[in-house]
K.L.:
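This is the structure I have questions about; it appears just below.
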Amino acid sequence: MTVGGGSVLGIPPSSEGYVLEARGLTKRYGSVIANKEVQFGVRRGEIVALLGENGAGKTTLMNMLFGMTAPDAGSVLIDGGPVRLQSPRDALALGIGMVHQHFMLVPPFTVAENIALGVEPSRRGILDLSDLEAQITALGRRFGIDIDPRALVKDLSVGQQQRVEIIKALYRGARVLILDEPTAVLTPQEADDLFKVLRGLAHEGTGIVFISHKLREVLDVAHRIVVMRRGAVAGEVLPRDATPESLASLMVGRDVLLRVEKAPSVPGNPVIVVRELVVNDDRRVRAVDGVSLSVRTGEIVGVAGVQGNGQTELVEAITGLRATQSGSLHLGERDLTRATVRERTDAGLAHIPEDRQRHGLVLPFTVAQNMILNRYYRLPFSRWMVMQAKAMRDQARDLVGRFDVRPANPEARVGSLSGGNKQKVIIARELSRDVRALVASQPTRGVDVGSVVFIHGALIAARDAGAAVLLVSAELDELLAVSDRILVMFRGRIVGEVEAATATREEIGLLMAGGVGRVIVPATN
Amino acid sequence: MTQAVRARLIGGLIPSLAIVTALLIGGVIIWASGPRIDGPWFGIWFVVEAYQALIEGAFGSRAATIDTVLRMVPYVFTGLAVMVGFRGGMFNIGAEGQLAVGALASAWVGFTVTSLPLVIHLPLVLLTGCLAGAIWGGIAGLLKARTGAHEVITTIMLNYVGGQLAAYLLNGVLRDRSPLNVIAQTPKVAETARLPDLVPGLHSGVILVIGVAVLVWFVLWKTTTGFELRMVGINPDAASYAGVNVVRRMTWAMGVSGMLAGLAGAVQVAGVNYRSTLGFNVGYGFDSIAIALLGRNTVSGVVLSSILFAALRTGATKLQFRTQISTDIISVIQALVLLMIAADQIIRWIYRIGPAQTEADPVAASTAPVADSESGR
């Protein structure tokens, strides 16, 4: 395992030299203990990964360290001295910066204007950004962050916007930077770039707290890994002593099988058949440029590609959320090219959408209501247009148990569930009916390890039950583990196809970047 | 479940506190505009006296109570209208215009048709009002569906069109031609087009309004149509994912919203005025927005808010008579209530109530189009 900043690793875990430290922090919400006597600290120039499943208490801890929540017991120390953080403003003043998962930026403003927000430099009451722009460029040069201070934030990619957030914190004098799941929104390439930036920051002396539940990247970037489970620190390890398996079992509290167990696929007749599909994106630019593919019963076909190469539009066209320009889509023998979403659903097409909060769920509705979101109009859930509350409840109670949704309360509002459990609600809904074909888009994005294992198992179970599964994912590991074949998309076209069993990350990575690869044409297609 | 119960309690808490706070501030204004007599006790006595007059004016006698109920009826209809729009993600500012065309159309059917029995004529009058309102609201819905024109803009403009149309018709073809008439109004509707009295002075539209309120509740919360409507209102993307025809459902919401407002106009014609008069029944449409918001877009909330608004309006006369305070104080109190509902942070801050749990808060979601242009698409 590669490790940077080696000198830090020699020091055994003790409170010696912490810039920011949590000592015995406890926080209760009603009867739930969100944090229980948590000990945690970060030194100068150190990257500490805070690892844990959703609901393990990482966010609560960070909120206390950033002054957003007051602890019930324990104290926060800065440079060894206890402080009382009443608000993020206090934390910022003491040199603690935070990059939230959802960026706090004003899209139509420039980078400099965003950074100036709240601390606007002015000359005789008139806003003057010229010095600031120079400072941003200087900061960027010092930390190796390339950013144009005059660019509009809305024109930047997600990765670049994240850097604006980082510069914003640095500009305000952050000595400790807390990043809440920073890679959840990034492509693998962007994530690598971010790690470079983080290493540079650490080298310059910034302490970094890096929240994540992705094992590979934690092992890659952290100097020290603190694992949380059920509100308490479950363990602290150095990357060289850890493996993904050991970390996962620390997180979950039991041994976790990370490798996906599956039998070889036994493909049958083609079910999803796409021919020469052309789809435009929201700006009416051609996003899918003549894609043909077919998915047979009993196989999982993965779609790899750097985000923004037409995968989203392809999925939306197949599932009926986006109009196609030309080409055709068949489900078995049936032509669904012009079919409505409902006709597709009724024909046996299931869809796990990329953005589960936006498309997949109605957050203020209950779990039970969300479980019938696209079936409410059918028996037994409605009769003569009157909703049948009992049928809805019975089905929800059954699915909540079968798909291990927590809390197991059908009347809970879906918005109050964790990301992994929200996804389980969608999967329960989509896989609990007669499914001929399943289109799953980023099914494990932002989901904890335990749920990832469960979701992969569910996809394979659907395959083994005879469904044709199309899996679009930004995670190469996931595609390699779960799929039977992998198609690679680049600039709206399918540029290669590989057998998952024999393909390598490098090979797919090359295709994703637009390189030419070998193309295997399956025997039966 | 405790969480749900708590959310519901807080849900009712904020409007109640808003009303109490508005009345307290109103009390200060009453005190300040009252006579200058020394001694702090006189000021307090004066404010108590004023509010006592207000309550007596609204409920102090049989006639007063009937008056309050009569005012409540159009408030409930239009409040429900705005609420249905909100629940479907549409901000209907046009209840005022929809009520006007509803009144106009029902009056027309009421005085031109004369040879039908009551059991046919009266429903026909009411349905005509519904239809006119539905068309008026539906135009805004269709414009939104076809062209994306925002319903706030189109309904405001349709209010003007409706008002001018009424002025034109009431001065023209629909005007009462009898030599004694000097104002812009229709002739009186036929006896068969009038809602019979329940008790002397109180028309049976009260029964109708209760029935419609129950029906709206049933449709919104117990039928697939209501499920779709609420889905579209909260998250149109998820609704289209679930196979709902979002555009059609939004148009429908505007149509039904207009229908309820049109029915308000028809009931005023058939139960109170017996004709359509230019400048009558003005203001219900705009007050109804406040009523829907104060009622947190629930049927029971709309009914309670309507009773409150009706009582304030009815009691105002007695308040003025006894204390010489202008009835405009009622507008001030209503405005304060609305202000504190719209900016509920004020109430949360004054009474130290925790932040809104937006996800568990049906109103935060249903009023989203007001604050959040993104979900108002």
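Quantities reported herein were computed from a predicted structural model and do not represent experimental measurements. Throughout, a chain's letter reflects where its sequence line sits, starting with A, and its residues are numbered from 1.
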K.L.:
Do B:S240 and A:V341 pass the side chain to side chain contact (heavy atoms under 4.5 Å, CB included) test, and can you show the C-alpha distance, the side-chain angles, and the key distance before you say yes or no?
P.N.:
CA-CA 7 Å; B:S240 57; A:V341 173; 5.8 Å; no

K.L.:
Distance check, rounded to the nearest 0.5 Å: B:M231 atom CE versus A:L361 atom CG?
P.N.:
11.5 Å

K.L.:
Around atom CZ of A:R433, are there more than 12 heavy atoms from other residues, nucleotides or ligands closer than 6.0 Å?
P.N.:
yes

K.L.:
With a 4.5 angstrom heavy-atom cut-off, is it the side chain or the backbone of B:V219 that approaches chain A, or both, or neither?
P.N.:
neither

K.L.:
Compute the centroid of each ring, for B:F227 and then for A:Y377, and state whether the two points are separated by less than 6.0 Å.
P.N.:
no

K.L.:
With rounding to the nearest 0.5 angstrom, report the CE to OG1 distance, A:M385 to B:T223.
P.N.:
5.5 Å

K.L.:
Does anything in residues 342-354 of chain A reach chain B? List residues with heavy atoms under 4.5 Å apart, or say none.
P.N.:
A:R342, A:H351, A:P353

K.L.:
With sequence neighbours left out, which residue pairs that include part of residues 132-142 of chain B fulfil the salt bridge (Lys or Arg N to Asp or Glu O under 4.0 Å) condition?
P.N.:
none

K.L.:
How would you list, in number order, the residues of residues 206-217 of chain B that have a heavy atom less than 4.5 Å from chain A?
P.N.:
none

K.L.:
Atom OG1 of B:T224 and atom CD1 of A:I372: how far apart are they, to the nearest 0.5 Å?
P.N.:
10.0 Å

K.L.:
For a side-chain contact (heavy atoms from CB on, under 4.5 Å) with B:Y241, tell me which candidate from A:V362, A:N374, A:T319 qualifies.
P.N.:
A:N374

K.L.:
Is it the case that the side chain of B:N235 and the backbone of A:R358 share a donor-acceptor pair, with hydrogens and angles ignored and the cut-off at 3.5 Å?
P.N.:
yes

K.L.:
Check salt bridge (Lys or Arg N to Asp or Glu O under 4.0 Å) between A:R322 and all other residues, then give those that pass, not counting sequence neighbours.
P.N.:
A:D282, A:E316

